[in-house]
Amino acid sequence: MRMRTSINLIVCQKSKIDDWIGHFKLNYNTETYDLTAKEDFKRFMFVANEDRSDNLDPRQHVGIINYDLVFRRRDLLDLTNFTLTLDESSLISNPTAKRTKFIHRLNPSNVILLSGTPTGGKYERLWPQLKLLGWDISKKLFYDQYVVTEWIEDNSGFKIPVIVGYKNVDRLKKKLEQYGCHFLKTEDVFDLPQMIDVPTTVKSTKQYYRFMKQSYVTFDDMELIGNTTLIKRMYARQLCGQYNKDKLEAFRDLVDSTEDRLIVFYNFKEELERMKQFIDKPISYVNGETKDLNAYEKYDNSITFIQYQAGAMGLNLQKANKIVYFTLPQSSDLFEQSKKRIHRIGQTKTCFYYYLLCKNTVEQDILRTLKERKDYDDKLFQRFST
């Protein structure tokens, strides 16, 4: 990685800070600063504000900070003549987010954007990134020229704008090239192994069908009430996951059928608790509370449980070649990124993706939507049905 300035700022996910620090210490003659630590931040800002015209210090200085903290370090707005690198730049695709607004106010001399899924199949998500690269086009003009929007009535009778397609795509791609954007699939650059999907369907429960019909169900001293579209969607997914004994049995059978490393993606904490009951192998965890990959690194038969929001992006897990999707995410970005955790440089084996799906349920609809590179949340304006 080549940077043209002596001062460099890297913004990444919190879980990747140690990886970036280790990368620079191992491969480059740099002074590296963990900007989540106040003393390192003070040292970095002191060095960045020095008069460097005499070039007495030949080293590059690299400060590394995470997206959720960067907008709280307002002194970074005073930086000049520096290179800004965004790891997983799709994380600034929301123009109203605090992190995006703050990063847009920075004044870098050079910008490097790194992302495996810069758009997630949605060109509108490019606008905040392109603005950072120097394309001075307003959001309204960008949408007018390249995005097709329709007003569609939601379940409450109100009309909401929904993106239904794109236009002038060839012109947009040429414009992107002018600002240094070149989109290549990993397999176009590296010779990576085959990817094979292995769907496994299990029975749906009576409780699921009763809930979908009545928006209400009780069982095992629990009461689920789907009084809004969002809540009904969440409970429907949980009835297909943590509350489905057949799926848990299918998961146990899958774990018992191999001594290979397995990566298991899940959504809800209760899913993890219920799956753990079937495991007598070494376990690693990546979630909002823990990042522990010791078992993954040491044991060939380990099981690594990953919550999507915490680990679908950034991790290098190519020691494994099998992923189990106990439940699916609703985000296309998280889905596509999760698959790349094992299908990456250094992988030599065929990659297998096991989807545990409840038959005739929302899960099969979610998978179809994700394979179209769309977010399932986009369907919230539609009537929720079985």
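Nothing fancy with the numbering, it's 1 onward along the sequence. Not measured: the values here are computed from a predicted model.
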For the student: nearest non-hydrogen atoms of [X] and [Y], plus distance:
X: Leu334; Y: Ser331; result: N-OG, 3.2 Å
X: Leu317; Y: Ile342; result: O-CG2, 3.5 Å
X: Ala312; Y: Arg341; result: O-NE, 3.0 Å
X: Ile283; Y: Ala295; result: O-CB, 3.4 Å
X: Gln145; Y: Asn168; result: O-ND2, 2.6 Å
X: Ala250; Y: Leu356; result: CB-CD2, 4.5 Å

Starting from [Y], can I reach [X] by hopping between I/L/V/M/F/W/Y residues whose side chains sit under 4.5 Å apart?
X: Val324; Y: Tyr308; result: no
X: Leu328; Y: Leu254; result: no
X: Leu262; Y: Phe352; result: yes
X: Phe82; Y: Leu69; result: yes
X: Val198; Y: Leu248; result: yes

Any side-chain heavy-atom pair of [X] and [Y] under 4.5 Å:
X: Ile17; Y: Cys12; answer: yes
X: Pro108; Y: Thr83; answer: no
X: Arg73; Y: Lys38; answer: yes
X: Thr327; Y: Glu363; answer: yes
X: Phe305; Y: Thr290; answer: no
X: Thr32; Y: Trp20; answer: no
X: Arg274; Y: Tyr266; answer: no
X: Phe219; Y: Thr205; answer: no

Look at the rings of [X] and [Y] and say which category their plane angle falls in: under 30° parallel, 30 to 60° tilted, over 60° perpendicular.
X: Phe251; Y: Phe326; answer: perpendicular
X: Phe24; Y: Tyr28; answer: tilted
X: Trp127; Y: His104; answer: perpendicular

Can you establish whether the number of heavy atoms outside [X] located under 6.0 Å from its atom [atom1] is more than 12?
X: Lys167; atom1: NZ; result: yes
X: Glu297; atom1: CD; result: yes
X: Asn27; atom1: CG; result: yes
X: Asp292; atom1: CG; result: yes
X: Lys14; atom1: NZ; result: no
X: Phe268; atom1: CZ; result: yes

Donor-acceptor pair, [X] side chain versus [Y] backbone, under 3.5 Å?
X: Thr304; Y: Tyr296; result: no
X: Gln318; Y: Ile345; result: yes
X: Ser89; Y: Leu86; result: no
X: Asn287; Y: Glu289; result: yes

Next item on the list: Under 4.5 Å between side-chain heavy atoms, chaining through other members, with only Ile, Leu, Val, Met, Phe, Trp and Tyr counted: pull out the rest of the cluster around Ile225, sorted by chain and number.
Entry: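 Grouped by the 4.5 Å side-chain rule, Tyr216 form the rest of the cluster around Ile225.
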Find the distance between [atom1] ([X]) and [atom2] ([Y]) and round it off to the nearest 0.5 Å.
X: Tyr209; Y: Lys213; atom1: OH; atom2: NZ; value: 13.0 Å
X: Leu130; Y: Ile137; atom1: CG; atom2: CD1; value: 8.5 Å
X: Asn267; Y: Leu272; atom1: CG; atom2: CG; value: 12.0 Å
X: Ile366; Y: Cys240; atom1: CD1; atom2: SG; value: 8.0 Å
X: Asn81; Y: Ile7; atom1: CG; atom2: CD1; value: 8.5 Å
X: Ile323; Y: Ser338; atom1: CD1; atom2: OG; value: 5.5 Å

Check: Of the options Lys349, Lys281, Lys319, Lys322, which is the one that meets Asp260 in a salt bridge (charged side-chain N to carboxylate O under 4.0 Å, His left out)?
Finding: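 Single salt bridge (charged side-chain N to carboxylate O under 4.0 Å, His left out) partner of Asp260 among Lys349, Lys281, Lys319, Lys322: Lys322.
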Check: Does the ring center of Tyr243 lie less than 6.0 Å from the ring center of Tyr235?
Finding: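 Ring centres of Tyr235 and Tyr243 not closer than 6.0 Å.
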Notebook entry, point to check: Is the centre of the Phe102 ring less than 6.0 Å from the centre of the Phe71 ring?
Noted result: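 No; Phe71 has its ring centre 6.0 Å or more from that of Phe102.
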Item checked: From Thr100, Thr96, Ile103, residue fulfilling side chain to side chain contact (heavy atoms under 4.5 Å, CB included) relative to Pro128 ->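 For Pro128, the side chain to side chain contact (heavy atoms under 4.5 Å, CB included) check succeeds only for Thr100.
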Note to self: With side chain to side chain contact (heavy atoms under 4.5 Å, CB included) as the test, pick out the partner of Val11 among Leu106, Ile64, Leu84, Thr85.
What the structure shows: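 Only one option passes, and that is Leu84.
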Note to self: Going by the rule salt bridge (Lys or Arg N to Asp or Glu O under 4.0 Å), which residues pair with Lys371 if we only count those two or more places apart in sequence or in a different chain?
What the structure shows: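 Applying salt bridge (Lys or Arg N to Asp or Glu O under 4.0 Å) to Lys371 gives Asp197.
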Margin query: Assess the residue pair Asp300 and Glu259 against the criterion (side-chain contact (heavy atoms from CB on, under 4.5 Å)); give the C-alpha distance rounded to whole Å, side-chain angles, the decisive distance to 0.1 Å, and a yes or no.
Written below: CA-CA 7 Å; Asp300 293 341; Glu259 288 301 310; over 6 Å; no
Charged N-O contact under 4.0 Å between [X] and [Y]:
X: Arg125; Y: Asp375; value: yes
X: Asp246; Y: Lys203; value: no
X: Glu88; Y: Lys16; value: no
X: Arg368; Y: Asp365; value: yes
X: Lys140; Y: Asp144; value: yes
X: Glu177; Y: Lys174; value: no

Next item on the list: Quick one: do Tyr146 and Tyr123 satisfy ring pair (Phe, Tyr, Trp, His ring centres under 6.0 Å)? Show the steps, please.
Entry: CA-CA 8 Å; Tyr146 303 110; Tyr123 292 132; 8.8 Å; no
Note to self: Evaluate Tyr325 against Leu367 for side-chain contact (heavy atoms from CB on, under 4.5 Å), listing each step before the verdict.
What the structure shows: CA-CA 11 Å; Tyr325 291 94; Leu367 183 58; over 6 Å; no
When you check the side-chain N and O atoms of [X] and [Y], is any donor under 3.5 Å from an acceptor?
X: Gln238; Y: Glu270; result: no
X: Asp68; Y: Asn66; result: no
X: Ser215; Y: Lys232; result: yes
X: Tyr166; Y: Glu124; result: yes

